Amino acid sequence: MNDFAERLISWQRKHGRHDLPWQGGHDPYRIWLSEIMLQQTQVDTVIPYYTRFLARFPDVASLAAAPVEEVMALWSGLGYYARARNLHRAAQAIVAGHGGEFPRSAAEIAGLPGIGRSTAAAIAAFAYGERAAILDGNVKRVLCRIFGVEGFPGDKAVENRLWALAESLLPAREVGRYIQAQMDLGATLCTRGKPACERCPFAGDCIARRGNRVGELPTPRPKKTVPRRSARYAVVLHREAVMLERRPPAGIWGGLLSLPEIPAEVPAELAGTSAWARSHFGFDAVEARALGALTHTFTHFVLEMQPVLLRLRTDTRPRARDGDALAWVPLSALDEAALPAPVRRILDALAAPDLFTG
DNA sequence: AATTCGGGGTC
DNA sequence: GACCCAGAATT
């Protein structure tokens, strides 16, 4: 097919998406922010986060000048928190190293933290019209079906083939509209399940469709059993404030506030008692009981979270320990706190205790 | 080359 | 419940 790009572009003019919040301009900052938020995250999920973030940080300078805690708080609930940390680092690198000017080529853009080959190409194409190929989930699916590429696209060899194919299909001009067209086709017609082939401009060419194998391409990820883990978390309350712990920068929920985890060595019959509260936190508890457990599914494991409520005597003087890692946060300030989604769910339920059966 | 990073949409 | 989404960094 030698007119793939041309036909895709004309399809996009008529049937593509033109009114997403990050479309219509060439500000590399806004495009960058959207591309980062959209990594492994669907458009409808991103939109409210994007709007809020852009209102607070309208440009690179404001983002670079902000404390990372505030950036994390605005990212709370969106997941993949290394994205927020890298975004902040990159903003500071742009201000310090590039004189506040966003880098001008995909190669330079790819040198910033959190930006890989595909995201760099998307930014350069949208902002500067650079002729660079992208390879996201949409493009992989579209190419695998139309050109009949076999094998799991996450495999290195398959991915290399797809990159080569994507490069070979690039048009000489209107690259921005072309990559938008690829994503639009994948997101609106050539979807994972129930693709609308009858409306697809390539239905007659598509190898998957001609072979009646649309449901088999792209080749699905090999199955893998996900491990289960279980952990108890202390919900320590004192005078309308909860004790939270700042997690280390790397790893699960990096840089976010979480409930202190009760070490596995603490016996179950002790963990939720006033005696344990006194020995571990140094406070007496007037109320100590297990709350209802909840299950949280990550990409690579399932976590069963068992919250344990400890309400401290109001006349004690609780003192957060472990340096700055532990802090008392008023319940009224939780909306603006950088919490992972399941921790937010647990704390939200405190306002509606009947949700807990434990 | 394989694993590790969330959370939610969709079937 | 299974699978995937505008992927990148790490090992």
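We name chains A, B, ... by the order of the sequence lines, and we start the count at 1 in each one. Since this is a predicted model, take the numbers as computed values, not measurements.
Every residue meeting the salt bridge (Lys or Arg N to Asp or Glu O under 4.0 Å) condition with A/Arg17, not counting sequence neighbours, appears here in chain and number order: A/Asp184. Under the rule for a ring-ring contact (aromatic ring centres under 6.0 Å, His included), A/Tyr233 has no partner lying at least two apart in sequence or in another chain.
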Query raised in the report: What is the per-nucleotide protein-contact pattern of nucleotides 2-11 of chain B, from the 5' end, where B denotes a base atom under 4.0 Å from a protein heavy atom, S denotes such proximity for sugar-phosphate atoms only, and - denotes neither?
Result: --SBBBBB--
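Ion pairing of A/Arg141 with A/Asp136 is absent here, as no side-chain N (NZ or NE/NH1/NH2) approaches a carboxylate O to less than 4.0 Å.
For the P atoms, the distance from B/dG8 to C/dA9 is 24 Å, rounded to whole Å. Separation of the C1' atoms belonging to C/dA8 and B/dG9 is 22 Å when rounded to the nearest angstrom. Across the P atoms, B/dT4 and C/dA6 are found 24 Å apart, a figure rounded to whole Å.
Among the protein residues, A/Leu87 comes within range of no part of the nucleic acid, since none of its heavy atoms lies under 4.0 Å from any strand. Nucleic acid contact for A/Trp32: none, since no nucleic acid atom lies under 4.0 Å from a heavy atom of the residue. When heavy atoms are screened at a 4.0 angstrom cut-off, A/Arg85 is found touching no nucleic acid atom at all.
Comparing A/Glu35 and A/Asn86 along DNA chain C, the residue whose closest nucleotide (by nearest heavy atom) sits nearer the 5' end is A/Glu35. Place A/Arg89 and A/Thr219 on DNA chain C by their nearest nucleotides, and A/Thr219 ends up nearer the 5' end.
Within residues 162-180 of chain A, the residues that place at least one heavy atom under 4.0 Å from DNA chain C are, in residue-number order, A/Gln180.
For the pair A/Arg229 and A/Phe301, the cation-pi test (distance below 6.0 Å, angle within 45°) is passed. In this structure, A/Arg83 forms no cation-pi arrangement with A/Tyr80, as its terminal cationic atom is not both closer than 6.0 Å to the ring centre and no more than 45° off the ring axis.
Partner of A/Pro113 under the side-chain contact (heavy atoms from CB on, under 4.5 Å) criterion, out of A/Arg85, A/Arg89, A/His88: A/Arg89 alone.
Between A/Tyr49 and A/Trp75, the distance from one ring center to the other does not fall under 6.0 angstrom.
If you chain together ILVMFWY residues whose side-chain heavy atoms come under 4.5 Å of each other, A/Leu217 ends up in a group of its own.
The main-chain N or O of A/Leu189 is never found under 3.5 Å from a side-chain atom of A/Arg199 such that the two would form a donor-acceptor pair.
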**Report entry** A/Val226 and A/Phe298: CA distance, side-chain angles, deciding distance, side-chain contact (heavy atoms from CB on, under 4.5 Å) verdict
**Finding:** CA-CA 9 Å; A/Val226 297; A/Phe298 291 85; over 6 Å; no
**Report entry** Verdict with reasoning, A/Phe147 to A/Phe4, per ring pair (Phe, Tyr, Trp, His ring centres under 6.0 Å)
**Finding:** CA-CA 11 Å; A/Phe147 295 92; A/Phe4 177 75; 5.4 Å; yes
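On the nucleic acid side, DNA chain C contacts chain A at distances under 4.0 Å to non-hydrogen atoms, with the end points of that region at C/dC3 to C/dA9.
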